[in-house]
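Just so it is clear, the model here is predicted, and its values are computed rather than measured. Any value given below was found using the heavy atoms of this structure, including those in side chains, with hydrogens, waters and symmetry copies removed.
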Amino acid sequence: MSEKPADIREQRIEKLKKMRESGVNPYPNRFERKDKIADVRAAFDADKPVNVVVAGRIKSKRVMGKASFGNVEDFSGSIQFYAARDLMGEEGYNLYKTHDLGDHVGIEGETFLTQKGEMSIKVKRLVLLSKCIQPLPVVKEKDGQVFDEFSDTELKYRRRYVDLIVNQKTRRDFLLRSRIVSSIRRFLETDGFLEVETPMMHSVVSGAAAKPFITHHNTLDLELYLRIAPELYLKRLIVGGFERVFEMNRNFRNEGIDTRHNPEFTMVEIYQAYADYKDMMDLTERLFTGLAEEYFESTEIPYQGQTINLRGPWRRVRFVDAIKEVTGLDFSLIKTASEAVVAAKSVGIETDESMGIWKIADEVLGERVEKTFQNPTFLIDYPKELSPLSKSFEDNPDYVERFELFIAGREIANAFTELNDPFDQKERFEGQSQMRDKGDDEAMMVDDDYITALEYGLPPTGGLGIGIDRLVMLFVDTASIKDTILFPLLRPEV
RNA sequence: GAGGCGCUAGCUCAGUCGGUAGAGCAACUGCCUUUUAAGCAGUGGGUCCGGGGUUCGAUCCCCCGGCGCCUCACCA
């Protein structure tokens, strides 16, 4: 017996060579899988053995000389197999013994129940379908308790495929994300909404307050921005006569990364003609409670050690009232920015006059008030200054028909009655533009074509945006947005 | 961007008051035909994140850098 190289990967490459030399293809092109493992389990009858053909990854191996147990796992589930020399022949069995954890195999055999009562497949034929050269982290489990969980956060994100192979919970969480996304589509389509796709590359940064990623188109020699929001395009579609539209896709914001922010994130934006922000509140409630009932069979869901009750109707509290309740400060009575600075300072928040009254109020809200909203809370009736795309109240031009939804202290949705007066919108854009000139690089640019669109007439419209990653955070009970994004942005490895 | 914490075998982690390291699982060899965190016996495996400094000697102490996590700031 020659010296075996120490490195596991080297060892396996060595095995590959030997296999090839003896005429075994470690990467065959095709295997006729006939049964999904979950189906085999569901149809299992200890008294009626059936022949099955399954395929999957070897997840465990317990060799006892001339016989062996192991588990194969496919996407649907996992099942034990029993491989014995007497049943497979000496050659087949010896070859099987060289297979490693992580190898993809095809298995044909008969179902049976072991003495300990475990559903199993008695292997007649076992073929290697794809060799696993990399050593897999070995995660074991007993009675629901997980041992040596693959838990290195960095590796989990960088090699998500490994995380998905070995960690059941990761797999479950992303499966749930897919289902939630699918449920949202179904919910909206059932309600008559049409899914559309609008540009990801914009020449004007607008529709939200955020710094963009900048890119360049060569042939047009054009500076372009990855979209920060699809908002203005979707409203153009309402102008065009699509009365109910939504887009569920990525936005890009060139800002910090933390447990709640990833530079690319998924939003669903929903626009409905002849609706207003109150209709959007109803829609939001219906959507969230529907999801909770579908996936938790309850409107109460556990989150980070507490219970969040999604049963509607949710609390609605006015922007200024919310601040007053928590801090005692009444910004509706404040007349100047310097007064506002003093007020903010009285609750320990440093601001400066150039921000204006309402940005200062928003600071106070963000610092002191938002985290008190654990159960779903609609924060309604925002000041106009903070909402350049929302429509003012007919009887109170200083406030707009808008809400933000907070759950678990975190903003999760934003909606308003859309501003459809082209003259008012133009003024607001110009205000934004001035702030931009003063150095606010998150202020919106003027979108002249959008103004033109409004001049053709945008019907009264309600619009709503929901952060999908954050919604999923709630449902998979995680504190980090990275656990809801398959490949979150990380610095490249060196 | 600032502060704190972390980085040791493929994975999960110990450890060295400064004398170049250990466990469990995985791997390799042998035994084992109903096991299931299989078992028993044996073996191999490490630029202790990188670079510099202090020191007779650094994985450990100091400095610089990298990556990650947490908190804060900005933002959804």
Side chains of [X] and [Y]: do they bring a donor and an acceptor to under 3.5 Å?
| X | Y | result |
| --- | --- | --- |
| A/Y382 | A/E404 | yes |
| A/N251 | A/E264 | no |
| A/Y82 | A/Q80 | no |

*Members of residues 132-148 of chain A that approach RNA chain B, where some heavy atom sits under 4.0 Å away*: A/P135, A/P137, A/V138, A/K140, A/E141, A/K142, A/F147, A/D148
*Indicate yes or no: does A/K59 engage A/E141 in a salt bridge with an N to O separation below 4.0 Å.*
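No, this pair does not count.
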_Given a 3.5 Å cut-off on both pairing distances, which stems involving RNA chain B, each at least three consecutive Watson-Crick or G-U pairs, are present, if any?_
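Detected stem regions: B:1-7 with B:66-72, B:10-13 with B:22-25, B:27-31 with B:39-43, B:49-53 with B:61-65.
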Is the shortest side-chain N/O distance from [X] to OP1 or OP2 of [N] below 4.0 Å?
| X | N | value |
| --- | --- | --- |
| A/K61 | B/U36 | no |
| A/K116 | B/U34 | no |
| A/R62 | B/A38 | yes |

Between the side-chain atoms of [X] and the base atoms of [N], is any donor-acceptor pair under 3.5 Å?
| X | N | result |
| --- | --- | --- |
| A/Y82 | B/U33 | yes |
| A/E118 | B/U35 | no |
| A/D258 | B/C74 | yes |
| A/T114 | B/U35 | yes |

*Axial cation check for A/F150 ring with A/R159, 6.0 Å and 45° limits*: no
*asked:* Against the six-membered ring of A/Y96, is A/K61 placed for a cation-pi contact (under 6.0 Å from the centre, within 45° of the normal)?
replied: yes
*A/Q80, nearest nucleotide to its side chain (from B/C11, B/C74, B/U35)*: B/U35
